[in-house]
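Worksheet: one structure, shown below.
Just so it is clear, the model here is predicted, and its values are computed rather than measured. Just follow the structure's listing: the first ligand is 1, and inside any ligand the first atom is 1. All residue numbers in this chain count up from 1 along the given sequence.
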Amino acid sequence: MNYWIDIMTLFPDTVGDLMNESILGRAQDRGYIRIETHQIRDYTTNKQNQVDDYPYGGGRGCVMQAQPLHDCWQHICESHGQRVHTIFLSPCGKVFTQADAKRLAADYDKLILVCGHYEGVDQRFIDACVDEEISLGDFVLTGGEIPAMAVADAVCRLVPGVLPDPECFENESHWDGLLEYPQYSRPEEWMGRRVPAILLSGDHARIARWRRKQSIIRTRLRRPDMYEKLTFQDTKQERKLLAEIEEELEETEHGSQT
Ligand SMILES: C[S@@+](CC[C@H](N)C(=O)[O-])C[C@H]1O[C@@H](n2cnc3c(N)ncnc32)[C@H](O)[C@@H]1O
C-alpha cells in the first residue's frame, strides 16, 4: 500500500461510491492506494445520533459538535497506531493547488480528510486535531465531501502505480506552471474541423515544439497571473520560440482589429 486516505463524513456511501470508480477504484483493487470512509454519526453518544447543535452566541443553522468528530478521528489514528496528518476542508482554508497535491503526495503516506456540514465545525475540534485547512476555492458549498474527493483524487493520481507512467501527470496543466496544449483524437476531420496537420506528421520533435508553443500561448492568454511567474531558458531555441509566439499573437490581435 503506497497511500492511505481516511475520509470522515456524514455521507460515507456517496463518497465511497465515487472513490471506488474508474482509475482510483482500480488502483485500490491493485493495492496501490486505499480510501476508507467513516460515518461521523457512528461516534455520537446521544440516542438520536445527533452530530450538530445550535451555535453559542446565536445565529442561524447548526454547528457540528467536537465530540463525535474527535472520537471518529481518534479511532482512525488508533487503527493506524499513530497520529495521522489531518486536513479539514473549509472555505476558510488555503486554496488548494497542484503544488499542494504534490506536497501531500510526497510528504505523507496517510491522510485524514474531515468533511464539515451545516454551518461548520466546533473550533475546538479543529484546534485539537487538525493540522491544516484546505479550501477548494472562494465559494461556499453545503459540505466538505466534494472538496475532500477533489483533494483525494488529486493526491492519489500522483501516487506511484496509480497512473501507468509519471509522464501521465508531468505533462499536464499546472505541473510546471503552464496550461496544457490542445488535445485531439480521431477522426482527422469532424464537422469540418481538421486536426492541426503537424500532429499527423509523425515528427516528434516538431510536435513537442508545437505543443510547448500552444501551452505558452494558452497560459499567456488565459492565465496572465501564471504567465508572469514563468521563467524561460536563455537559449537560441527558446528565444526563437518566444519571438514566434509574439509575432503570432500580434498577427491575431491585428487580424481581430481589421
Ligand atoms: C456551508 S459550509 C460552512 C461555511 C462556513 N459557515 C463559513 O462561512 O466559512 C459547510 C461545510 O462545507 C465545507 N465547505 C464549503 N465550502 C468549501 C470550500 N470552498 N472548500 C472546502 N470546504 C468547503 C466545509 O467542510 C464546511 O464546514
Salt bridge (charged side-chain N to carboxylate O under 4.0 Å, His left out) partners for [X], two or more places apart:
X	answer
Arg220	Glu246
Lys94	Asp100
Glu133	none

Exercise. Using heavy atoms and a cut-off under 4.0 Å, could you grab the residues that are in contact with ligand 1, chain by chain, numbers ascending?
Key: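 Correct list: Phe88, Leu89, Ser90, Pro91, Cys92, Gly116, His117, Tyr118, Glu119, Gly120, Ile134, Ser135, Leu136, Gly137, Phe139, Val140, Leu141, Thr142, Gly143, Gly144, Pro147.
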
Quiz item: Do Asp6 and His80 meet the criterion of a side-chain donor-acceptor pair at a distance under 3.5 Å?
Solution: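 Present: a donor and an acceptor within the cut-off.
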
Quiz item: Take atom CD1 in Ile23; do more than 12 heavy atoms of anything else shown fall under 6.0 Å from it?
Solution: no

Quiz item: Can you find a heavy atom in the side chain of Val121 that is under 4.5 Å from one in the side chain of Val130?
Solution: no

